[in-house]
There are 2 protein chains.
Amino acid sequence: MASRTIENYLKQIYLSRPADETQWLTMGKLSTAVGVTPGTATSMVRAISDAHLVEYEPRAGVRLTPAGEQLALHVLRRHRLIELLLVQVLGLDWSEVHEEAEELEHVVSDRLLARIDEILHHPAFDPHGDPIPTAGGVVRRQDCCTLLDCPLGEPTSIARILDQSAEFLQYVNQCGLLPGAEIRVASRNHQAQTVELMAIKPGETQVEAMSFSVAEKFLVQLNERKK
Amino acid sequence: MASRTIENYLKQIYLSRPADETQWLTMGKLSTAVGVTPGTATSMVRAISDAHLVEYEPRAGVRLTPAGEQLALHVLRRHRLIELLLVQVLGLDWSEVHEEAEELEHVVSDRLLARIDEILHHPAFDPHGDPIPTAGGVVRRQDCCTLLDCPLGEPTSIARILDQSAEFLQYVNQCGLLPGAEIRVASRNHQAQTVELMAIKPGETQVEAMSFSVAEKFLVQLNERKK
DNA sequence: CAATTGACTTTGGCAAAGCAAAGTTAATTA
DNA sequence: TAATTAACTTTGCTTTGCCAAAGTCAATTG
Ligand SMILES: [Mn+2]
Ligand SMILES: [Mn+2]
Ligand SMILES: [Mn+2]
Ligand SMILES: [Mn+2]
């Protein structure tokens, strides 16, 4: 079986892969994502490539094979299911579960994972709104836009938080913008580079302002019309 | 911090230590307990001894220092709390949790462990009846006798199962002799080398027979008088 | 008391994972 | 086009754990 090191590399290759599918992930990006020196990444990638889990083109970069992608998605599934368990069942704060899951993801057996999945009723998203791959290795697509480019005034729900640093997540917590929260973008001020939000709560109107750079870190979904 | 290898060695040194406190644990016993060749155990123990976690006397054996014992007890606490969580909250069978906990015990953070402890209401015993060391590293003593040497006819409760192989635990499950089960030893037949048990259930009298060698694997406690 | 034996230790070697620093490429700049 | 530079690869070395096989010690046994 793949060592925990290899699992970590594969997961990071998946998460850091460039949007354009034909592109390679550069070794520089990979080495910083994994947290090793570039030389270490090169030799590790060579090894993983011998195992046919990635394609490696010197001076171009690295890219997952179908087998490697399946493995990466399994690790990601473990990671995200564990995060949700830690939040929902064990009551950890969502800002601290990532570190924890980073270790646990390599150690939880298939049997235990199946039980976790059952207890959580086969959830589709983790506490940060990231999609949980299915046991078969399929990632469900959600179409979202950021608070920067979603339509003004429309009722929307927070779907996903892109900056998952502990500090940012604590800020998100404070202003109640967790995944699921219903809000509208009241206005955008291009001079001040700010976005004004309104919470949709019964009888109450709360306002929150944030800069464009922060607004970009929230993905939202348009609420379905209830007429 | 101690590597997972060192944690495993310390835990095994603790669990395999001879009953007589003045005795050393031999390297042979340790190496089979840890599952490595004798040479490997020797060199590892040398290293652990350099870290002042054990005393090592060549050709005599090994023995925990107070610091090493504290560390061993912390690993044991993690192991046993995790086992109980897996059974009580995640619904795994008690015959499969040991393997699982063997890995998880090295990876669960203090914060997570504290939450587990809370959720389980600070339990004193794991699913097999083994005592869970306190966070301060204290093991509560329970005075038990085996089904071989407990008094005949007295109402007792199963306290602890000494053979924790998956097969044996499944047998224990089948005859309902889990920790907490109330029974009386009806008789012992020294010719046949068997023990006859009676379950104490409302209105029902169930009988179970087992050999001396199996009876030895059950620790029981006398029930307090209810007069 | 010597010989044998079993338990233990030592030695030498290997694989995984990592770093530092030197050496290459290839893209950019002048 | 030539020089510079940033990104990448190679090389050499380290640490941690492990095994196999050879060597040593001490307890029994004859
Ligand atoms: Mn990880
Ligand atoms: Mn997440
Ligand atoms: Mn373990
Ligand atoms: Mn146990």
Side-chain angles (χ1 to χ4, degrees), chain A residues 1-14 16-18 20 22-64 68 71-72 75 102-103 105-107, chain B residues 1-14 16-18 20 22-64 68 71-72 75 102-103 105-107:
Chain A
M1 274 293 79
S3 69
R4 91 179 34 208
T5 302
I6 290 181
E7 289 190 346
N8 279 330
Y9 274 79
L10 292 176
K11 198 184 68 176
Q12 289 307 332
I13 294 169
Y14 179 84
S16 312
R17 100 212 98 113
D20 176 355
T22 68
Q23 292 293 94
W24 301 79
L25 171 65
T26 66
M27 299 307 282
K29 294 238 173 79
L30 176 59
S31 73
T32 62
V34 176
V36 296
T37 59
T40 301
T42 297
S43 67
M44 197 64 216
V45 161
R46 285 220 123 99
I48 302 178
S49 154
D50 291 347
H52 305 291
L53 295 171
V54 297
E55 290 175 81
Y56 167 59
E57 193 73 43
R59 314 254 155 198
V62 70
R63 181 200 277 164
L64 290 171
L71 234 165
V75 180
E102 200 57 50
E103 294 299 316
E105 66 188 355
H106 308 292
V107 143
Chain B
M1 275 293 83
S3 69
R4 93 178 33 210
T5 303
I6 290 181
E7 289 190 346
N8 279 329
Y9 274 78
L10 292 176
K11 198 183 65 174
Q12 290 305 334
I13 294 169
Y14 179 84
S16 312
R17 102 212 97 116
D20 176 356
T22 68
Q23 291 294 93
W24 300 79
L25 172 64
T26 67
M27 299 308 282
K29 295 237 174 80
L30 176 58
S31 72
T32 62
V34 176
V36 296
T37 60
T40 300
T42 297
S43 66
M44 197 65 215
V45 161
R46 286 220 120 100
I48 301 177
S49 155
D50 291 346
H52 304 291
L53 295 170
V54 297
E55 289 175 79
Y56 167 59
E57 192 73 42
R59 316 236 108 126
V62 69
R63 180 203 275 165
L64 291 170
L71 234 163
V75 180
E102 201 56 50
E103 294 298 315
E105 67 188 355
H106 308 291
V107 142

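Proteins come first, then strands; the chains are lettered A, B, ... in the order of their sequence lines, and each starts at number 1.
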| field | Any B/Tyr9 side-chain nitrogen or oxygen under 4.0 Å from OP1 or OP2 of D/dT16 | value | no

| said: Is A/Ser3 close enough to C/dA16 that one of its side-chain N or O atoms is under 4.0 Å from OP1 or OP2 there? | reply: no

| request: For B/Ser3, enumerate each residue passing the side-chain contact (heavy atoms from CB on, under 4.5 Å) test, keeping only those at least two apart in sequence or located in another chain. | output: B/Thr5, B/Ile6

| field | By side-chain contact (heavy atoms from CB on, under 4.5 Å) - contacts of B/Ala60 (at least two apart) | value | B/Trp24, B/Glu57

Between atom [atom1] in [X] and atom [atom2] in [N], what is the gap in whole Å?
X: B/Ile48; N: D/dG17; atom1: CD1; atom2: C1'; result: 12 Å
X: B/Asp50; N: D/dT15; atom1: CG; atom2: P; result: 14 Å
X: A/Arg46; N: C/dA15; atom1: CZ; atom2: C1'; result: 19 Å
X: A/Glu57; N: D/dA7; atom1: CD; atom2: C1'; result: 16 Å

Return a table of donor-acceptor pairs under 3.5 angstrom between the side chains of residues 39-54 of chain A and protein atoms on other chains or two or more places apart.
unit_1  : atom_1 : unit_2  : atom_2 : d
A/Thr40 : OG1    : A/Thr37 : OG1    : 3.0
A/Thr42 : OG1    : A/Pro38 : O      : 3.2
A/Ser43 : OG     : A/Thr40 : O      : 3.2

| request: Kindly write out the residues that satisfy side-chain hydrogen bond (donor to acceptor under 3.5 Å, both in side chains) with B/Asp20, not counting sequence neighbours, or none if the list is empty. | output: B/Thr22

| field | For A/Gln12, all residues meeting side-chain hydrogen bond (donor to acceptor under 3.5 Å, both in side chains), sequence neighbours excluded | value | none

| said: Checking contacts here: which listed nucleotide (C/dA17, D/dT9, C/dC8) is nearest the side-chain heavy atoms of B/Tyr56? | reply: C/dC8

| remark: Out of C/dG18, D/dT9, D/dT10, minimum distance to the side chain of A/Pro58 belongs to D/dT9

| query | Which residues satisfy the salt bridge (charged side-chain N to carboxylate O under 4.0 Å, His left out) test with A/Arg63, sequence neighbours excluded? | reply | A/Glu55

| message | Once salt bridge (charged side-chain N to carboxylate O under 4.0 Å, His left out) is applied, do any residues pair with B/Arg59, and if so which ones, sequence neighbours excluded? | response | none

Under 3.5 Å, which N/O atoms of the protein pair with N/O atoms of nucleotides 22-26 of chain D?
unit_1 : atom_1 : unit_2  : atom_2 : d
D/dT24 : O2     : B/Arg59 : NH2    : 3.4
D/dC25 : O4'    : B/Arg59 : NH1    : 2.7

| query | Contact class for A/Arg4 vs. all strands (heavy atom < 4.0 Å): base, sugar-phosphate, or nothing? | reply | nothing

| Closest contact, heavy atoms only, B/Glu102 versus B/Lys11 | OE2-NZ, 2.8 Å

| request: Could you check which residues of residues 26-44 of chain B get a heavy atom under 4.0 Å from DNA chain C? Sort them by number, please. | output: B/Thr26, B/Met27, B/Gly28, B/Pro38, B/Gly39, B/Thr42

| field | Backbone of B/Ile13 reached by a side-chain donor or acceptor of B/Ser16 within 3.5 Å | value | no

